[in-house]
Amino acid sequence: MIIPCASSARSLPALHRLSDPDSPFPPRLGFHSQFRSQKIRTPSFSSIRASITDDNSNTKNIPMDRKESPVVRGVSDTVVGVLGGGQLGKMLCQAASRMAVKVMVLDPLADCPAGSVAFRHVVGSFDDGDTVESFAKRCGVLTVEIEHVDAVTLERLERQGVDCQPKASTIQIIQDKYLQKLHFSQHGIPLADFMQVDDTESVKKAGDMFGYPLMIKSKKLAYDGRGNAVARSQEEISSAVSALGGYGRGLYVEKWAPFVKELSVIVARGRDNSMSCYPVVETIHKDNICHIVEAPANVTEQVKNLSIDIAKKAVDSLEGAGVFAVELFLTSDGQVLLNEVAPRPHNSGHHTIESCYTSQYEQHVRAVLGLPLGDPSMKVPAAIMYNILGEDEGEPGFYLANQLMKRALSIPGASIHWYGKPVTPRVAIIMGSDSDLPVMKDAAIVLDSFGVPYEVSIVSAHRTPERMFSFALSAKQRGIQVIIAGAGGAAHLPGMVASLTTLPVIGVPVKTSSLDGIDSLLSIVQMPKGVPVATVAIGNAANAALLAIKILAIVDADISDKLIQHHEGMKSTVLNKAEKLERDGWEKYLTP
């Protein structure tokens with residue numbers, strides 16, 4: 001992520017004026033460089049001290065009796081617990097660290113981005129109720145950096161006295177996009193027309209009401225454009241619904257919003273319900289992911305004021321303290337419509353780290369702890385953020401990223417933020433012998449085609465039992481979510497591993513010279529009650545990988561979309577073959 005700050009959001013040469021000694025604005029080198037700048041008027045320490053101890057806020061009024069007011073070492077002794085340890089959690093920890101606020105994160109990845117900077121990192125799932133409950137007991141206040149958490153557990157914890165900010169009710173509303181729209185419409189907030197759909201007839205009815213193109217959306221697990229499909233005519237309804245996984249996934253439709261700009265407002269709300277808004281920004285998306293943020297947005301004051309009013313009204317309708325990102329559409333006729341709200345820091349607010357007096361991350365920490373909200377105004381006339389995504393896999397991708405960052409660092413006023421997202425294997429492919437590899441490689445090929453990271457290893461249940469024991473016990477902690485175990489003959493490996501881990505295990509029977517794999521198949525399927533092992537046809541490691549992908553797709557919208565495309569591809573292949581057979585006849589069809 002690159003954040004140049006300049007006097008013009010669109011003019012690259014203006015970036016260089018930040019390092020010009022004659023520039024009225026300091027270089028973005030942090031707090032100390034601002035105090036050293038001769039062009040910035042800053043209050044002396046004596047004047048700051050005087051303002052703290054003036055007649056209106058005399059130190060005599062500050063309670064000094066330790067029995068009545070325990071001494072707090074620093075800004076706050078409260079430990080902030082964060083569900084999620086991605087890049088937002090990392091930046092939250094960095095902001096908290098400057099105030100000596102302790103932050104614990106809960107994330108299933110042992111090497112998640114926030115893990116390296118958090119006070120403590122607990123490896124575990126933030127959508128598992130028992131894990132969240134255990135984690136919450138170690139924190140003074142609980143917040144989120146991702147909304148796809150176990151909101152039901154949060155609601156139960158609140159009833160038990162756990163301090164959740166924002167509130168569980170807010171998370172539940174935000175998680176369901178349809179419920180979110182319904183909530184905001186009931187509070188008089190301008191939205192594009194929408195309605196719930198349960199079958200093709202209800203979608204056709206929506207098309208008659210709203211016209212085409214028609215936006216069809218998933219209610220849950222939809223983000224970064226995932227979970228959205230466009231039907232440009234009534235004939236495209238079926239394919240659009242199929243691309244979203246069918247009506248059983250829970251769908252609704254929205255009237256197409258002919259927007260000319262996408263805007264965003266970061267709103268902070270304190271525990272005392274005070275509100276503070278950052279300047280309106282414009283977001284420019286690439287492949288449905290935020291690519292560029294321009295701050296402030298190049299819109300009229302009327303549009304800015306309207307955007308802030310809508311954002312504040314939306315946040316005021318929700319419960320709890322913290323930072324909220326309100327995404328908006330500016331239409332061609334000057335309307336501002338609410339798109340959606342995120343109950344956490346947001347990528348449209350990354351620029352605030354360098355460009356504003358108080359970053360959105362520090363603001364979120366202040367808000368959930370009940371501290372005074374900071375100044376959200378910009379320190380520079382304008383700023384721009386580029387979100388740079390990986391352009392290639394493996395080493396070539398890292399090399400390209402390194403070259404881009406070096407170029408960015410040569411730009412005066414630019415700052416780099418490396419997320420440090422790990423490429424953690426999600427599937428483990430194991431086998432008892434390398435003789436099984438010709439069969440098990442098919443699982444790797446399928447996982448590669450879906451972009452699912454995996455690891456491959458040899459783990460023998462009979463020859464290396466200690467290794468098998470260590471592998472099974474550590475797999476979940478290392479981020480593995482599904483295990484594919486190939487075995488021939490006695491085929492004890494899948495069952496033994498399944499007895500040692502709570503992860504799903506898929507056994508692949510490998511054909512042997514004696515019984516053609518029947519012995520392997522029977523060994524795998526005849527596991528005792530309470531130790532289930534899934535299995536596939538003899539030698540069909542490809543299907544084992546597809547089953548693993550289906551398991552991952554339950555909670556991963558990206559993989560779910562790819563799986564839907566895979567099914568559509570198979571369907572098209574069959575239909576093309578049927579058409580060719582019907583057109584050419586069987587004799588010509590069989591002729592090479």
Side-chain angles (χ1 to χ4, degrees), residues 3-10 14-15 17-18 23-37 39-43 47-48 51-52 75 91-92 94-95 98-99 263-270 272-283 293-316 321-328 336 345-369 371-385 413-415 417:
I3 312 179
C5 302
S7 60
S8 170
R10 295 185 180 274
L15 297 172
R17 291 205 291 272
L18 288 174
S23 170
F25 303 106
R28 302 274 60 78
L29 297 175
F31 178 82
H32 295 290
S33 69
Q34 292 176 48
F35 267 71
R36 288 196 297 268
S37 173
K39 297 293 183 178
I40 297 295
R41 293 184 178 179
T42 56
S47 64
I48 293 174
S51 68
I52 294 174
V75 172
M91 296 175 188
L92 205 59
Q94 290 170 332
R98 289 194 292 273
M99 297 186 288
L263 307 176
S264 179
V265 182
I266 302 293
V267 181
R269 181 167 63 188
D272 58 357
N273 289 321
S274 60
M275 280 195 191
S276 181
C277 292
Y278 286 81
V280 181
V281 302
E282 179 181 355
T283 59
V293 174
E294 296 182 356
N298 185 20
V299 294
T300 65
E301 286 301 315
Q302 181 181 2
V303 169
K304 288 179 182 178
N305 293 335
L306 181 58
S307 299
I308 289 173
D309 287 345
I310 292 172
K312 291 174 72 173
K313 190 174 181 180
V315 172
D316 190 52
V323 160
F324 300 79
V326 182
E327 297 181 80
L328 306 158
V336 176
H346 192 256
N347 52 17
S348 65
H350 286 327
H351 71 93
T352 63
I353 297 173
E354 278 79 23
S355 69
C356 294
Y357 288 102
T358 307
S359 76
Q360 65 165 343
Y361 300 101
E362 179 182 332
Q363 197 78 293
H364 190 75
V365 174
R366 287 177 178 234
V368 301
L369 287 175
L371 300 172
L373 297 180
D375 181 1
S377 60
M378 296 182 69
K379 296 185 283 189
V380 289
I384 190 166
M385 186 278 285
S415 299
H417 293 268

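All residue numbers in this chain count up from 1 along the given sequence.
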I want to check something: taking the side chain as every heavy atom from C-beta on, are Leu306 and Ile308 in contact at a cut-off of under 4.5 Å?
no
Under 3.5 Å, is there a donor-acceptor pair between the side chain of Arg366 and the main chain of Pro372?
yes
Using atom types as modelled and distance alone, determine if a side-chain donor or acceptor of Asn305 lies under 3.5 Å from a backbone N or O of Glu301.
yes
Examine distances only and state if a side-chain atom of Ser264 and a backbone atom of Ser348 form a donor-acceptor pair shorter than 3.5 Å.
no
With rounding to the nearest 0.5 Å, note down the distance linking CZ in Phe324 to CZ in Arg269.
5.0 Å
Residues two or more places apart in sequence or in another chain: which of them pass side-chain contact (heavy atoms from CB on, under 4.5 Å) with Leu373?
Ala268, Ser274, Ser276, Gln363, Ala367
Got a donor-acceptor contact below 3.5 angstrom from the Thr358 side chain to the Asp375 backbone?
yes
Check whether the side chains of Tyr278 and His351 place a donor and an acceptor atom closer than 3.5 Å, and report yes or no.
no
Rounded distance [0.5 Å steps], CE in Met275 versus NZ in Lys312:
7.0 Å
Smallest separation among heavy atoms of Thr352 and Gln360, with atom names:
OG1-N, 2.9 Å
So, for Thr283 and Leu263, which heavy atoms are closest and what is the spacing to 0.1 Å?
OG1-N, 4.5 Å
With a 4.5 Å heavy-atom cut-off, do Val365 and Leu92 have their side chains touching?
yes
